[in-house]
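First up is the structure itself, then whatever we jot down about it.
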Amino acid sequence: MLPVVALVGRPNVGKSTLFNVLTRSRDALVADMPGVTRDRHYGVCRSGERPFVVVDTGGLSGVEEAMDVLTAKQVRLAIEEANVLVFVVDAREGLLPQDYIILNELRRSGKTIIAAVNKTDGLEEEAVLAEFSAFGVGKILPLSAAHNRGTSDLIELILPLLPADEESTTEAEGEDGSIRVAIVGRPNAGKSTLINRLLGEERLIVSDVAGTTRDPIRVPLERDGKRYTLIDTAGIRRKARVEEAVEKFSVIKTLQSIAAAQVVVVMIDARENLADQDLTLIGYAMDEGRALVIAINKWDGLDQYQRDECMRALDRRLVFVDWAKQVHISALHGSGLRELMRAIVRAHASATKVLVSSDLTKTLEKAYESYQPPLVHGHSPKLRFAHPGGNNPPTIVIHGTRTKHIAPAYQRYLENFFRKRYKLEGTPVRIAFREGENPFAGRKKVLTKEQEQKARRRVSDLIKRTR
């Protein structure tokens with residue numbers, strides 16, 4: 001495990017901006033409004049001599065409201081697991097009573113504290129440091145996270161304070177052989193509840209208030225000998241209802257998470273009808289070529305009649321993804337989770353399956369013999385051979401003649417034939433046709449003098465015979 005450094009402070013002091021600079025990423029959502037970050041957000045800083053984990057936390061407002069209390073609980077969990085605490089304050093707002101309250105709580109943890117005075121650009125640093133020296137913190141430095149000024153000094157100050165016995169090497173997140181799984185759906189579908197249930201801890205904030213999750217949060221999980229990277233995403237509503245800029249950026253982050261994942265789990269609330277927004281998410285996952293699992297949540301709260309009606313509606317509207325596994329779960333009580341994880345593993349195995357050209361060609365020949373494509377201008381398209389074009393999703397390239405005129409229905413027939421032959425469950429299959437080109441097309445034939453004379457004699461003889 002790498003040593004951990006937590007960024008703590010009031011709302012809107014620049015913690016997420018500093019997190020993005022230290023991790024050299026744009027993972028944390030940044031906006032000029034307080035309370036954007038709520039869950040703990042992890043990243044790795046590799047700018048110094050040794051890497052360390054950076055934790056972005058929500059702002060401690062001191063307000064005893066539902067969401068602020070849940071955010072404060074996540075901050076305290078980050079403080080407990082951190083080796084070094086970076087107390088971020090706002091130089092433009094100056095020293096506030098809330099800063100003293102936060103500092104006292106950090107001191108009670110017994111951890112090493114560094115005071116980072118942010119937003120010092122355009123201000124007199126000596127005057128700013130003189131004001132914040134009232135904290136009595138031995139390690140204090142000015143910086144401007146938005147302009148990446150002073151961050152290198154902060155890293156140099158952090159490195160000597162990290163424990164020496166920690167391992168300094170680790171594999172990058174998502175590159176350790178784990179299966180990247182994005183959990184997507186509408187607000188309040190139970191995405192964060194599902195991840196907390198799988199982890200067995202309150203890793204993410206769960207609330208009845210829609211839109212609790214804003215940042216995509218990546219969480220490692222090891223279950224039944226397999227490693228996963230679970231990505232909790234913000235709930236997506238209809239475009240007409242999205243008004244705040246923060247929610248628009250959350251939607252963009254969710255779509256980016258789908259593109260970065262290997263398996264997408266679309267969570268559907270069984271108590272509500274299947275919405276167009278759910279179908280849009282499924283369509284986007286298909287466009288990205290991602291393996292797909294449909295998780296029907298809150299199934300335990302339905303009676304038999306409601307379950308039958310729900311299944312009929314799903315079978316009718318999800319006929320275009322009949323290859324995706326549907327799993328009935330209860331994220332709150334944990335029922336169906338074993339079957340869900342098995343479906344994820346099978347979908348990932350199908351999406352990354354290695355296909356062989358010779359076997360693909362034999363399968364293509366069997367499919368062609370069983371059902372030939374319709375005639376085009378009196379001629380049937382010929383399919384010669386096939387070879388793999390990539391995986392995730394499995395792509396099969398088929399070479400032949402008149403392939404431009406193959407009907408979409410016959411292409412679906414080939415997809416289903418290959419899917420059945422190789423038992424590809426939970427992943428789309430892409431078919432790409434290549435037209436056989438004439439190797440002599442565009443080449444002008446050059447005749448010798450003898451060949452030209454013979455051709456002229458033949459033409460003259462043919463003319464004499466016709467007379």
Side-chain angles (χ1 to χ4, degrees), residues 180-195 197 204 206-214 216-217 230-243 247-248 250-302 306-332 335-337 339-341 343-344 347 351 393 425-428:
R180 297 188 301 274
V181 183
I183 315 293
V184 302
R186 286 183 291 158
N188 263 2
K191 301 181 292 297
S192 299
T193 305
L194 173 62
I195 293 180
R197 188 71 187 187
L204 304 172
V206 176
S207 172
D208 293 333
V209 179
T212 301
T213 303
R214 288 174 171 173
I217 307 298
L230 306 179
I231 309 175
D232 185 26
T233 62
I236 296 183
R237 300 188 295 171
R238 286 188 301 169
K239 187 176 181 181
R241 294 186 178 182
V242 178
E243 297 179 356
E247 188 171 356
K248 293 180 181 178
S250 297
V251 171
I252 294 173
K253 291 284 188 180
T254 298
L255 299 181
Q256 291 175 346
S257 299
I258 292 176
Q262 295 172 312
V263 181
V264 176
V265 176
V266 178
M267 291 197 67
I268 298 174
D269 192 338
R271 300 177 303 179
E272 300 180 8
N273 293 328
L274 187 67
D276 292 339
Q277 197 60 38
D278 297 319
L279 300 177
T280 301
L281 285 171
I282 293 173
Y284 188 83
M286 290 179 61
D287 292 340
E288 291 292 331
R290 297 296 168 251
L292 185 66
V293 176
I294 309 296
I296 306 165
N297 193 25
K298 307 178 185 179
W299 188 253
D300 55 331
L302 304 182
Q306 292 173 322
R307 292 183 178 182
D308 294 339
E309 289 296 314
C310 179
M311 289 304 302
R312 274 193 286 269
L314 291 174
D315 292 340
R316 184 179 67 255
R317 302 194 66 185
L318 297 180
V319 65
F320 68 104
V321 284
D322 55 356
W323 42 265
K325 179 70 174 179
Q326 296 182 16
V327 185
H328 306 105
I329 67 169
S330 173
L332 183 61
S335 60
L337 298 189
E339 186 180 357
L340 174 64
M341 300 309 293
I344 291 173
E425 177 186 323
T427 179

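- Other residues, nucleotides and ligands place more than 12 heavy atoms under 6.0 Å from the CZ atom of Arg307.
- Closest heavy-atom contact between Leu337 and Arg197: CD1-CG, 3.5 Å.
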* Asked: How far apart are the C-alpha atoms of Lys325 and Glu425, what are their side-chain angles, what is the distance that settles it, and do they pass the side chain to side chain contact (heavy atoms under 4.5 Å, CB included) test?
  -> CA-CA 7 Å; Lys325 179 70 174 179; Glu425 177 186 323; 3.9 Å; yes

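- Asp278 places a side-chain N or O within donor-acceptor distance of the main-chain N or O of Ala275, the cut-off being under 3.5 Å.
- A donor-acceptor pair is defined here as one N or O able to donate and one able to accept, closer than 3.5 Å; no such pair exists between the side chain of Glu288 and the backbone of Ala259.
- Exactly one of Asp269, Ile268, Thr193 qualifies for a side chain to side chain contact (heavy atoms under 4.5 Å, CB included) with Lys298. That residue is Asp269.
- Here the options are Asn297, Ile183, Leu230, the test is side chain to side chain contact (heavy atoms under 4.5 Å, CB included), and the partner is Leu194; only Ile183 passes.
- Residues Val327 and Gly336 approach most closely at CG1-O, 3.8 Å, considering heavy atoms.
- The pair Asp276-Arg317 meets the salt-bridge criterion, with a side-chain N (NZ, NE, NH1 or NH2) lying under 4.0 Å from an Asp/Glu carboxylate O.
- Among all heavy-atom pairs drawn from Gly289 and Pro393, the shortest one is O-CD, 3.2 Å.
- Gln306 and Leu302 get closest at one heavy-atom pair: OE1-CA, 3.4 Å.
- Not counting sequence neighbours, the partners of Glu272 by the salt bridge (Lys or Arg N to Asp or Glu O under 4.0 Å) test are Arg186.
- Within the model, atoms CZ of Arg290 and OG of Ser257 stand 12.0 Å from one another, a figure rounded to the nearest 0.5 Å.
- Residue Ala343 comes nearest to Val293 through the heavy atom pair O-CG2, 3.9 Å, listed as atom of the first residue, atom of the second, then distance.
- Side-chain contact between Val263 and Arg180 is absent, with no heavy atoms from C-beta onward closer than 4.5 Å.
- With Ile282 as reference, Val266 is the one residue of Val184, Leu274, Val266 to meet the side chain to side chain contact (heavy atoms under 4.5 Å, CB included) rule.
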* To do: In sequence, state the C-alpha distance, the side-chain angles, and the governing distance for Asp315 and Arg312, and then conclude on side chain to side chain contact (heavy atoms under 4.5 Å, CB included).
  => CA-CA 5 Å; Asp315 292 340; Arg312 274 193 286 269; 5.8 Å; no

* To do: Evaluate the side chain to side chain contact (heavy atoms under 4.5 Å, CB included) criterion for residues Phe320 and Met286: first the C-alpha distance (whole Å), next the side-chain angles of each, then the deciding distance (0.1 Å), finally the verdict.
  => CA-CA 10 Å; Phe320 68 104; Met286 290 179 61; 3.8 Å; yes

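- Atom CD1 of Ile258 and atom CD1 of Ile231 lie 10.0 Å apart (nearest 0.5 Å).
- Contact between Leu340 and Ala295 at its shortest, heavy atoms only, is CD1-CB, 4.2 Å.
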* Show your reasoning for whether side chain to side chain contact (heavy atoms under 4.5 Å, CB included) applies to Trp299 and Ile329. => CA-CA 6 Å; Trp299 188 253; Ile329 67 169; over 6 Å; no

